[in-house]
Undergrad: 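The structure that follows is given in the form of C-alpha cells.
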Amino acid sequence: MLNRLSHPGFLQVEMAGETQTVLLNHNATIICKVQGYHHLDITIMGITWFWKHRVSATEVKLFEFFGDHQMTVRPGASVSPWRLKRGDASLQLPGVQLWEAGEYRCEVVITPHKAVGTVRLEVVAYPVSSLFPEQAMVKENEEQLISCMASGFYPTNITVTWKKWTPKNPQYVEFSEGVFTNRTTKNEDGMFNVTSFLMLKPSLEDNMTIYQCVVWHESLPTSQRLNFSLTMIESEKSPCTLKYIFLCAGIIFVIILILSIFWKQVLRQTNALFSILKAYSRNTQIDTRETEEL
C-alpha cells in the first residue's frame with residue numbers, strides 16, 4: 001500500500017508503505033511517485049535521494065538530478081528520465097547488499113513546491129537448507145541421526161521444526177521428541193547458520209515413516225520442507241533360526257542319535273558284566289559246598 005505525503009502547495013509523493021523488503025544481491029526499486037501531474041517538465045524539477053543507516057543519524061546523498069545536472073554517489077543508482085516525465089521518481093539500486101538497509105528519503109522539487117517521502121528498506125537473505133541423510137535403511141532399535149542445516153540466511157530469526165507422516169496416520173504431525181537444535185551462528189559475511197538434529201531409535205512399526213524438516217524464515221514466500229524416508233530391516237537372527245534352523249535341527253538329531261547309541265552300548269556292557277559277576281558268584285557258592293562235604 002502506498003503512503004501519500006502532502007506538503008504545503010500542490011505537490012505530493014507516494015511511497016511504498018513504511019517498509020520495503022529486497023533479497024540480498026537482487027535489484028531494488030524504491031518507490032517514490034509524484035501525484036497530481038500527468039506530464040512533468042524534468043528540466044525545471046529536481047530529485048534527490050538520501051540514505052541513512054539504521055544505526056547512524058547521518059544522512060548520505062545517493063543520487064541527485066536537477067535539469068541537466070546529475071550526480072550519482074552510490075554506483076549504479078539511477079532514476080529513469082522517461083519514467084520521471086510521468087511522475088515516477090523511484091530509485092533503482094542494483095545488487096543490494098546487507099549494509100544498505102536503512103531509511104531512504106525521496107525529495108522532489110518543482111519550483112516553488114517541494115515534497116518529501118521516507119521508507120525503510122530491509123535486506124534479507126533466504127536460507128539454503130539441506131537434509132542428511134535423505135533416506136536410510138535402519139535395523140530395529142538401531143539409532144539413526146538426521147541433521148537439517150539452514151545456512152546463509154539474514155536476519156537471524158528462523159524457525160526449524162520437525163514433522164512425521166506414517167502409513168497409519170497419513171498426515172504430517174509436528175513433534176519434538178528426540179529433537180535438538182543448535183544455537184544460531186554468525187558467519188564472517190554477516191550471514192547466519194543453524195542446524196537441527198533428530199535422533200531416532202525406531203521399531204519395525206516405523207517402517208515407511210517419512211520425517212520432514214520444516215524451515216521458516218521471513219525471506220521465504222513459503223516454508224522449506226525437506227523429507228527423510230525411513231525403511232526398517234529386521235535385525236540379524238541367531239544361527240539356529242531362519243535359514244539355519246534345519247541345519248541345527250539335523251545337528252541336534254545326530255547328537256541325540258549318537259548319545260542314544262552310546263547309551264545302549266553302555267547298557268549292554270553293564271549287563272554283560274553283571275552276568276559274569278552273577279555266574280562267578282554261583283560257581284563260588286558251589287565250590288564252597290563241595291569243600292564242606294569232603
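Not measured: the values here are computed from a predicted model.
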Undergrad: For Lys186, which residues count as a salt bridge (charged side-chain N to carboxylate O under 4.0 Å, His left out) partner, sequence neighbours excluded?
TA: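 Scan of Lys186 (salt bridge (charged side-chain N to carboxylate O under 4.0 Å, His left out), adjacent residues dropped) gives none.
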
Undergrad: Could you state whether Val60 and Trp49 fall into the same hydrophobic cluster, counting links through intermediate Ile, Leu, Val, Met, Phe, Trp or Tyr residues with side-chain heavy atoms under 4.5 angstrom apart?
TA: yes

Undergrad: State yes or no: do Val108 and Leu84 share one hydrophobic cluster built from I, L, V, M, F, W and Y residues joined by side-chain heavy-atom distances below 4.5 Å, directly or via other members?
TA: yes

Undergrad: Taking salt bridge (charged side-chain N to carboxylate O under 4.0 Å, His left out) as the definition, give me every residue that meets it alongside Lys52, ordered by chain and number, with sequence neighbours left out.
TA: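 So Lys52 forms a salt bridge (charged side-chain N to carboxylate O under 4.0 Å, His left out) with Glu103.
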
Undergrad: Quick one: pull up OG1 in Thr21 and CD in Glu218 and give me the separation to the nearest 0.5 Å.
TA: 7.0 Å

Undergrad: In chain order, what residues pass the side chain to side chain donor-acceptor pair (under 3.5 Å) check against Gln212, with sequence neighbours excluded?
TA: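 Gln212 satisfies side chain to side chain donor-acceptor pair (under 3.5 Å) with Arg225, Asn227 once adjacent residues are dropped.
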
Undergrad: Do you know which two heavy atoms are closest between Ile210 and Ser229, and how far apart they sit?
TA: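 Closest approach of Ile210 to Ser229, heavy atoms only: CG1-OG, 4.4 Å.
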
Undergrad: Would you mind writing out the side-chain donor-acceptor pairs for residues 167-180 within the sub-3.5 Å range, not counting sequence neighbours?
TA:
{"unit_1": "Asn169", "atom_1": "OD1", "unit_2": "Gln171", "atom_2": "NE2", "d": "3.3"}

Undergrad: Is Met15 reachable from Phe50 through a run of I, L, V, M, F, W or Y residues, each pair having side-chain heavy atoms under 4.5 Å apart?
TA: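 No, Phe50 does not connect to Met15 through the hydrophobic network.
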
Undergrad: Is it possible for you to say whether Trp99 and Phe192 belong to one hydrophobic cluster, with membership spreading through side-chain heavy-atom contacts below 4.5 Å?
TA: yes

Undergrad: Would you list the atom pairs, donor with acceptor, under 3.5 Å between side chains in residues 120-130 and any protein atom, with sequence neighbours excluded?
TA:
{"unit_1": "Arg120", "atom_1": "NE", "unit_2": "Glu122", "atom_2": "OE2", "d": "3.3"}
{"unit_1": "Arg120", "atom_1": "NH2", "unit_2": "Thr19", "atom_2": "OG1", "d": "2.8"}
{"unit_1": "Ser129", "atom_1": "OG", "unit_2": "Gln224", "atom_2": "OE1", "d": "2.5"}

Undergrad: Rounded to the nearest 0.5 Å, how far does CD of Gln92 lie from OG1 of Thr29?
TA: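 One gets 3.5 Å once the value is rounded to the nearest 0.5 Å.
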
Undergrad: Closest approach of Val215 and Cys148, non-hydrogen atoms and distance?
TA: CG2-SG, 4.2 Å

Undergrad: For Gln70, what residues pass the side-chain contact (heavy atoms from CB on, under 4.5 Å) criterion, not counting sequence neighbours?
TA: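 Scan of Gln70 (side-chain contact (heavy atoms from CB on, under 4.5 Å), adjacent residues dropped) gives Phe63, Phe65, Thr72.
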
Undergrad: Grab the two heavy atoms, one from Ser56 and one from Thr58, that are nearest each other, plus how far apart they are.
TA: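 Minimum heavy-atom contact is OG-N, 3.2 Å.
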
